[in-house]
Number of protein chains: 2
Amino acid sequence: MTARNDRKSARATADLVAREANVSRVAVSRAFNPNASLKPEKRDRILQIARELNYTPDMAARSLVTRRSHLVGMIVPDVCSPWESQEIDALTTALQAEGFATLLFKAKADFSMDQTLLTYMRGFNPDSVIAFTENVDADVLSGFLDRAVPIYVSYDDGAQFAGTSSSLYDRLLVRQRDGIEQAVALLQGYGVRRVAYLGGKRQSLANRERELMITKILVERGMQPPTVIDGDYTYDTAYRATLDLFRVEDGADAIFAANDVGAFGAIDALRHDLGLSVPGDVSVIGFDDIPQSHWKAYNLTTVRIDLEDRVRALVRLILRRLRNPDDGPLTETLGTRLVVRGTVG
Amino acid sequence: MTARNDRKSARATADLVAREANVSRVAVSRAFNPNASLKPEKRDRILQIARELNYTPDMAARSLVTRRSHLVGMIVPDVCSPWESQEIDALTTALQAEGFATLLFKAKADFSMDQTLLTYMRGFNPDSVIAFTENVDADVLSGFLDRAVPIYVSYDDGAQFAGTSSSLYDRLLVRQRDGIEQAVALLQGYGVRRVAYLGGKRQSLANRERELMITKILVERGMQPPTVIDGDYTYDTAYRATLDLFRVEDGADAIFAANDVGAFGAIDALRHDLGLSVPGDVSVIGFDDIPQSHWKAYNLTTVRIDLEDRVRALVRLILRRLRNPDDGPLTETLGTRLVVRGTVG
DNA sequence: TTGTAGGCGTTATCAT
DNA sequence: ATGATAACGCCTACAA
């Protein structure tokens with residue numbers, strides 16, 4: 001009889017709901033928009049009928065006119081690495097609570113950002129974009145995304161973008177100094193002399209800044225600059241690099257890894273291949289404090305970046321920018337601190 | 001002068017490109033649609049101008065009329081668990097290559113699927129939906145997603161949906177028997193008598209089916225059914241459960257874990273807390289074969305589900321369904337096999 | 001508070 | 001091969 005009894009309605013539209021409720025199409029629209037003025041009982045009735053008809057406003061149609069897609073793009077080189085996956089998880093949860101959905105894109109593993117991907121993503125009109133890939137030029141990115149302002153992660157004194165770019169971008173500033181300083185102090189306290197820095201991907205900004213900061217602090221404290229060994233944030237590379245360090249090179253008293261997973265590789269190489277004890281013979285410190293770091297097999301001492309803080313800061317940036325699109329550059333700051341477990345001593 | 005010289009064009013539309021190229025708006029549309037007929041040189045010229053104007057077709061507007069959003073929804077309870085994150089990564093890569101973007105949603109960790117989330121997701125009109133959460137009724141899901149047909153993962157004899165549901169859904173069938181049989185044979189070969197099954201989340205279908213299959217095969221081979229201990233797929237719970245098994249209960253000769261991460265927890269509890277050797281005193285077998293399983297600290301013998309195969313199968317299901325929306329139920333099958341490393345002996 | 005008219009950017013249909 | 005026209009489903013004006 002009525003539309004309610006339709007066999008399997010392809011998709012209920014606002015018109016259908018309106019007809020069923022004897023109101024205009026606009027009233028239905030208003031019923032779903034909390035700010036719009038509508039007699040409460042009327043709104044309730046409409047929402048009730050909408051539920052019966054299994055109607056939900058079409059975001060695509062809505063975004064066409066409101067110019068808001070409620071989509072946040074995330075460009076990730078590697079979803080499965082523990083740190084990134086944690087962050088994706090937390091961000092998605094937080095954004096979902098604010099009414100945004102996560103649109104996930106995979107960049108090439110080599111941190112390059114090809115224009116094809118950007119062009120492709122652009123079609124979806126994300127309201128905001130979080131790029132885990134660091135070496136995208138701000139100009140390139142904001143040239144491609146009109147209504148979105150990119151967010152970059154930078155480090156400590158990181159003035160790397162200043163002057164370089166005329167584009168607008170927001171910034172998450174990570175103060176690595178605190179955590180690294182605590183780590184170096186701890187090592188120094190145990191009489192460590194020769195520190196090796198086991199790097200992450202060379203193109204990675206985080207990696208470069210970590211190396212710089214560690215070197216700086218070692219020197220400030222009257223210690224030798226670190227032996228730098230190349231890595232790429234993976235377990236396997238870290239494992240081999242550690243083997244080389246001790247078989248081909250002169251070894252070290254302590255290894256400072258660019259991330260926790262790399263530290264795991266170093267620990268396993270030391271223990272299971274080189275027959276060395278951690279922390280007895282060699283101390284190891286990681287970076288990130290991922291959940292695996294407290295697993296008994298590693299029990300890693302590491303520099304922690306608080307994930308919750310980080311996500312909250314990112315969400316704040318996104319929401320502030322969305323509410324005030326014409327504001328100047330926005331910045332949020334984030335600290336780090338050492339978590340002491342059992343791999344230094 | 002011309003539109004090309006605009007300061008910062010808010011967003012180039014097809015109309016703009018059309019005007020610039022002295023063609024109709026429809027021609028621009030066709031230029032971006034490879035199947036549409038258009039004189040090659042004309043298409044090239046249009047695409048060239050589009051590039052200059054930084055124009056990309058608007059997916060929202062397009063989906064409004066084509067009824068294809070090119071969005072694939074993924075509902076995940078936990079993005080950071082290694083197996084899920086791997087799968088998300090691989091699926092996103094594969095789908096991206098086919099022109100689909102991943103729309104990520106977080107479900108509650110308790111595997112419940114609230115209607116709020118479904119309603120919310122519906123608004124985005126995903127062309128397809130992959131739910132990692134297993135206990136959603138097929139009727140509920142397909143009732144909510146009109147143009148999407150849900151995909152379920154089922155196991156071996158898994159007739160769990162048959163008859164229960166009248167809704168259309170596609171199926172990925174995982175044949176666990178092969179891998180589990182090889183695992184049991186290996187244990188039996190080493191003289192293992194008392195096997196414990198360290199479970200995953202109780203609501204999880206995969207977990208129930210694994211328990212059933214292991215029990216079945218043990219009995220078939222004349223062995224005792226396993227001692228079943230509760231877990232939830234996490235390291236910490238597995239760790240504590242293993243402690244209980246050996247301190248409060250009678251222990252076991254071998255632990256078969258519902259997933260690799262659980263196996264890690266068991267191994268660490270045995271080695272670092274109970275002072276037992278793996279595999280000397282107790283053998284451990286996992287399930288999944290995540291990358292961490294080959295890390296030296298664990299070097300886990302485990303039942304492998306090939307990720308590449310799995311993703312390919314899922315993508316095939318999605319694409320077949322998209323091309324032939326009215327087909328009957330689709331099914332893909334997936335095998336498992338044992339990967340022998342160092343935790344059985 | 002409510003309804004009418006118009007348009008968001010694209011593709012499908014039907015012409016030519 | 002190409003172009004005019006009419007949707008797609010919704011929201012923002014504006015008017016009542």
Side-chain angles (χ1 to χ4, degrees), chain A residues 3 9-47 50 53-71 99 119-120 122-127 146-147, chain B residues 3 9-47 50 53-71 99 122-127 146-147:
Chain A
S9 52
R11 172 136 174 89
T13 73
D15 282 294
L16 203 66
V17 178
R19 209 174 310 140
E20 202 69 17
N22 284 317
V23 295
S24 73
R25 169 172 64 237
V26 200
V28 177
S29 171
R30 286 200 250 264
F32 279 90
N33 201 308
N35 324 359
S37 61
L38 191 66
K39 201 154 61 179
E41 61 169 35
K42 189 174 223 168
R43 161 169 287 136
D44 290 344
R45 190 162 52 89
I46 294 177
L47 290 177
L53 258 41
N54 207 3
Y55 164 81
T56 316
D58 184 323
M59 295 301 271
R62 173 181 281 180
S63 88
L64 209 52
V65 41
T66 60
R67 327 260 28 188
R68 283 219 146 25
S69 62
H70 288 258
L71 258 25
T119 306
Y120 178 58
R122 226 167 81 91
F124 291 98
N125 276 312
D127 290 336
D146 17 53
R147 56 207 217 205
Chain B
S9 52
R11 172 139 174 88
T13 74
D15 282 296
L16 204 66
V17 178
R19 210 173 309 139
E20 203 70 17
N22 284 318
V23 294
S24 75
R25 165 170 72 237
V26 195
V28 176
S29 173
R30 287 200 249 264
F32 278 89
N33 201 308
N35 323 1
S37 61
L38 193 65
K39 198 152 62 178
E41 61 169 36
K42 190 174 223 169
R43 162 169 286 136
D44 290 345
R45 189 161 53 91
I46 294 176
L47 289 177
L53 258 40
N54 205 5
Y55 164 81
T56 316
D58 184 324
M59 297 300 272
R62 173 182 281 180
S63 88
L64 208 53
V65 42
T66 59
R67 327 258 31 184
R68 281 222 161 350
S69 61
H70 287 256
L71 257 25
R122 225 167 82 90
F124 292 98
N125 277 313
D127 289 336
D146 17 54
R147 56 207 217 207

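Computed from a predicted structure; not experimentally measured. Heavy-atom basis, side chains included; hydrogens, waters and symmetry copies ignored. Chain letters run A, B, ... following the sequence lines, proteins first and then strands; every chain starts at 1.
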To the nearest angstrom, how far is A:Arg30 atom CZ from D:dC10 atom C1'?
-> 13 Å
Hey, does A:Glu20 have a side-chain heavy atom less than 4.5 Å from the side chain of A:Tyr55?
-> no
Is A:Ile46 close to A:Val17 at the side-chain level, that is, under 4.5 Å between some pair of heavy atoms?
-> yes
From CZ of B:Phe32 across to P of D:dT2 the rounded distance in Å is 16 Å
Return the value, rounded to whole Å, for the distance between atom CZ of B:Arg25 and atom C1' of C:dA12.
-> 13 Å
Looking only at side-chain N and O atoms, does A:Lys42 come under 4.0 Å of OP1 or OP2 in C:dT2?
-> yes
Of all the choices, D:dG3, C:dT1, D:dG9, which nucleotide is nearest to the side chain of A:Lys39 once you look at every atom?
-> C:dT1
If you check the B:Thr66 side chain, which of C:dG3, D:dT2, C:dA12 turns out closest?
-> C:dA12
Expressed in angstrom and rounded to an integer, what is the separation of A:Asn35 atom CG from D:dC11 atom C1'?
-> 13 Å
According to a strict under-4.0 Å criterion, is B:Ser29 in side-chain N/O contact with OP1 or OP2 of C:dT11?
-> yes
Counting just side-chain N and O atoms, does A:Arg67 come under 4.0 Å of either OP1 or OP2 of C:dG9?
-> yes
Specify the separation, in whole Å, of atom CZ of B:Arg68 and atom C1' of C:dA12.
-> 15 Å
Quick one: which of C:dG3, C:dC8, D:dT2 gets closest to the side chain of A:Ala27?
-> C:dG3
Atom pair distance, as rounded to whole Å: NE2 in B:His70 and P in C:dT10 = 14 Å
Identify the heavy atoms of B:Asp15 and B:Arg25 that sit nearest to each other, and give their distance.
-> OD1-NH1, 2.7 Å
Measure the shortest side-chain to side-chain distance between A:Val28 and A:Val23 over non-hydrogen atoms and say whether it is less than 4.5 angstrom.
-> yes
B:Ala61 side-chain proximity, nearest of D:dG3, C:dT10, C:dT1 = C:dT10
Which distance, rounded to the nearest 0.5 Å, do you find between the CG of A:Asp58 and the OG of B:Ser63?
-> 6.5 Å
Please state how far atom CZ in A:Arg122 lies from atom C1' in C:dG9, giving the value in whole angstrom units.
-> 13 Å
Which part of the nucleic acid, if any, lies within reach of B:Tyr55 when heavy atoms closer than 4.0 Å are counted: base, sugar-phosphate only, or nothing?
-> sugar-phosphate
From CG of A:Asp58 across to P of D:dC10 the rounded distance in Å is 6 Å
For A:Thr13, answer base if it contacts any base atom (sugar-phosphate contacts may also be present), sugar-phosphate if it contacts only those atoms, and nothing otherwise; contact means non-hydrogen atoms under 4.0 Å.
-> sugar-phosphate
Distance test, side-chain N/O of A:Ser24 to OP1/OP2 of C:dT2, below 4.0 Å = no
